[in-house]
A.B. asks: 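Dropping the structure in here first, questions after.
The first residue of the sequence shown is numbered 1, and numbering continues consecutively from there. Counting starts at 1 for both ligands and their atoms, following the listed order.
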Amino acid sequence: MSNTKNYILAIESSCDDTSAAVLCNTKVLSNVVATQEIHKQYGGVVPELASRAHQQNIVPVVHQALAKANIDKKELSAIAFTRGPGLMGSLLVGTSFAKSLALGLDIPLIEVNHMEAHILAHFIDDEERTPPTFPFIGMTISGGHTQIVKVSDYFSMEVLGETLDDAVGEAFDKSAKLMGLPYPGGPLIDKYAKLGNENAFQFPKPKVDGLNFSFSGLKTSILYFLQRETQKNPDFVSENMNDICASVQYTILEILMEKLQLAVEQTGIKQIAIGGGVAANSGIRGRLAEAETQMGWETYVPKFEYCTDNAGMIGIVGYLKFKRSEFTDQSIAAKARYAIGS
Ligand code: KG4
Ligand code: ZN
């Protein structure tokens, strides 16, 4: 890499987090995230409210990112933004803001695919971590996505499998909701699971061929299980919270690990790099560490702030594209459905 300092402002607004980051080459100088608390009371993201909150947040969040990085907007080399996939009303806010700012400052505009960004977040400069080398298997596990990708180079990715229905984060959140836990329930399941017996209850694993996933059946089987048990004992959930959480988490982790194992067998690649909000789960981190010693895998998990939705990961893609002069023009439009490599 050359010694030139390129400052990239990145903007992320695909779902319910408004985020802006400033990078100097591969180093993140600031990464500001405004999480929209309003959705909590609805138990999930409400698209219209998300879009409105992005409109309110975007200017202060960008200001804060520039201030924290101590960079004046005149020093910026380019503006990167999430074009998709995501919620259209949310994407539109970041896209139009990025376009206007790039036009006003007369600097290049760079569009970024959010799913590529989750994977390329591993290349953000981090003193405590080394990035994976190519080729590797990327697995993005979040509230919106579940995907296994073969990554041959920065921009040479092939989706090997993805969910046919719910994302893995939704499986955590919906199971938690059935147990009466608040949204998002994933972190709570993780917390209670540590205190429970993972073999206390058995839930069926879906039979999905190849590297695709399905999580909607698991939610249904948990619903029926809880209905059956609470008919016998109305306090069943509160009396068995830790064991239920441990068993639900165990089932979800078994599904993820089986698919990863199949991906390793199919590709011969033993480098696994995960990302997305569910990568925060202590259980999956434990299972990956186990796979390192038992199966000789090399596993990678980015710093937590680069796992959940954030503009830092958009900025690293922005920088990589900037180096290749991959710019876009003002005719660009947000793209709610935007497959990797399309
Ligand atoms: O990446 P993210 O912040 O947003 C999306 O793009 O969806 O992921 C949020 C998801 C939620 O479903 C949340 O419950 C889940 O990540 N999550 C967890 C944990 N921390 C966050 N799931 C299980 N265990 C955790 N520790
Ligand atoms: Zn995401």
A.B. asks: Any donor-acceptor pair under 3.5 Å linking the side-chain atoms of N6 with those of N25?
C.D. replies: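 The answer is yes; a qualifying pair exists.
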A.B. asks: Below 4.0 Å, non-hydrogen atoms only: which portion of N281 touches ligand 1? Side chain, backbone, both or neither.
C.D. replies: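 Both backbone and side chain.
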A.B. asks: State, with a plain yes or no, whether a side-chain heavy atom of V33 is found less than 4.5 Å away from one of T18.
C.D. replies: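 No; the side chains remain at least 4.5 Å from each other.
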A.B. asks: Taking atom CZ of R285 as the centre, does the number of heavy atoms from other residues, nucleotides or ligands within less than 6.0 Å exceed 12?
C.D. replies: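 Enclosed: over 12 neighbouring heavy atoms sit under 6.0 Å from CZ of R285.
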A.B. asks: Looking only at distances, can you tell me whether any N or O atom of D190, backbone or side chain, sits closer than 3.5 Å to an N or O atom of ligand 1?
C.D. replies: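 Yes.
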A.B. asks: If I only include protein atoms of type N, O or S, how many are less than 2.8 Å from the Zn ion (ligand 2)?
C.D. replies: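 Every protein N, O or S atom under 2.8 Å from the Zn ion (ligand 2) counted, the figure is 3.
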A.B. asks: What is the closest protein heavy atom to atom 4 (O) of ligand 1, and at what distance does it sit?
C.D. replies: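 Sorting protein heavy atoms by distance from atom 4 (O) of ligand 1 puts D309 OD2, 3.8 Å first.
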A.B. asks: S19 side chain to N310 main-chain N or O, any donor-acceptor pair under 3.5 Å?
C.D. replies: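 Not at all, since once roles are kept as given, no pair shorter than 3.5 Å links the two residues.
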A.B. asks: In ligand 1, which numbered atoms sit nearer than 4.0 Å to a non-hydrogen atom of S142?
C.D. replies: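 So the atoms of ligand 1 that pass are 1 (O), 5 (C), 6 (O), 7 (O), 8 (O).
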A.B. asks: So for ligand 1, is F172 a polar contact partner (N or O within less than 3.5 Å, distance only)?
C.D. replies: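 N/O-N/O distance under 3.5 Å: no.
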A.B. asks: Please tell me if the side chains of I244 and Y192 come closer than 4.5 Å, counting only heavy atoms from C-beta onward.
C.D. replies: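 Heavy-atom side-chain distance check fails, nothing below 4.5 Å.
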A.B. asks: Hey, does P187 sit under 4.0 Å from ligand 1 if you only count heavy atoms?
C.D. replies: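 A heavy atom of P187 does come that close to ligand 1.
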A.B. asks: Kindly confirm or rule out an N or O of G186 lying under 3.5 angstrom from an N or O of ligand 1.
C.D. replies: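 N/O-N/O distance below 3.5 Å exists for this pair.
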A.B. asks: Just checking, is any N or O donor in the side chain of E12 or T82 under 3.5 Å from an acceptor N or O on the other one?
C.D. replies: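 There is such a pair (donor and acceptor under 3.5 Å, judged by atom type) between the side chains of E12 and T82.
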A.B. asks: Do N281 and Q249 have side-chain N/O donor and acceptor atoms under 3.5 Å apart?
C.D. replies: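 There is such a pair between these side chains.
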A.B. asks: So is there a nitrogen or oxygen of G185 less than 3.5 Å from a nitrogen or oxygen in ligand 1?
C.D. replies: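 In this structure, G185 places no N or O atom under 3.5 Å from an N or O of ligand 1.
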A.B. asks: Check whether any side-chain N or O of K205 sits under 3.5 Å from a backbone N or O of T251 as a donor-acceptor pair, and report yes or no.
C.D. replies: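 The answer is no, because no donor-acceptor pair under 3.5 Å joins these two groups.
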A.B. asks: Of all the atoms in ligand 1, which lie at a distance below 4.0 Å from a heavy atom belonging to A280?
C.D. replies: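 Per the distance check, 20 (N), 26 (N).
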A.B. asks: Answer yes or no on whether R129 is positioned over the face of Y300, meaning its NZ or CZ is under 6.0 Å from the six-membered ring centre and within 45° of the axis.
C.D. replies: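 Judged by the rule, R129 and Y300 form no cation-pi pair.
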A.B. asks: Pull out every atom of ligand 1 sitting under 4.0 Å from any heavy atom of G144, numbered as shown with elements.
C.D. replies: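 Atoms satisfying the 4.0 Å criterion: 7 (O).
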A.B. asks: Regarding ligand 1, does G143 bring an N or O atom to under 3.5 Å of one of the ligand's N or O atoms?
C.D. replies: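 For ligand 1, there is an N or O atom that lies under 3.5 Å from one belonging to G143.
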A.B. asks: Distance only, no hydrogens: is a donor on one side chain within 3.5 Å (strictly under) of an acceptor on the other, for T26 and D125?
C.D. replies: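 On atom types as modelled, these side chains do not qualify, holding no pair under 3.5 Å.
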A.B. asks: Can you figure out which of I189, T308, D173, I252 has its heavy atom closest to atom 14 (O) of ligand 1?
C.D. replies: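 It is D173 that holds the nearest heavy atom.
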A.B. asks: Give me the nearest non-hydrogen protein atom to atom 21 (C) of ligand 1 as residue plus atom name, then the distance to 0.1 Å.
C.D. replies: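 It is G277 O, 3.4 Å.
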A.B. asks: Can you find a heavy atom in the side chain of K335 that is under 4.5 Å from one in the side chain of S342?
C.D. replies: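 With C-beta onward as the side chain, the pair touches.
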A.B. asks: Heavy-atom contacts under 4.0 Å between V278 and ligand 1: side chain, backbone, both, or neither?
C.D. replies: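 For V278, backbone and side-chain atoms both sit under 4.0 Å from ligand 1.
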A.B. asks: Taking 4.0 angstrom as the limit and counting only heavy atoms of P184, give me the atoms of ligand 1 inside it, by number and element.
C.D. replies: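 Answer for ligand 1: 14 (O).
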A.B. asks: Taking the six-membered ring of Y306 (Phe, Tyr or Trp), confirm whether the NZ or CZ of K303 is under 6.0 Å from its centre and within 45° of its axis.
C.D. replies: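 No, K303 does not lie over the aromatic ring of Y306.
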A.B. asks: Could you measure the distance from the NZ atom of K259 to the CD1 atom of I137? Nearest 0.5 Å is fine.
C.D. replies: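 Result: 14.0 Å between the selected atoms.
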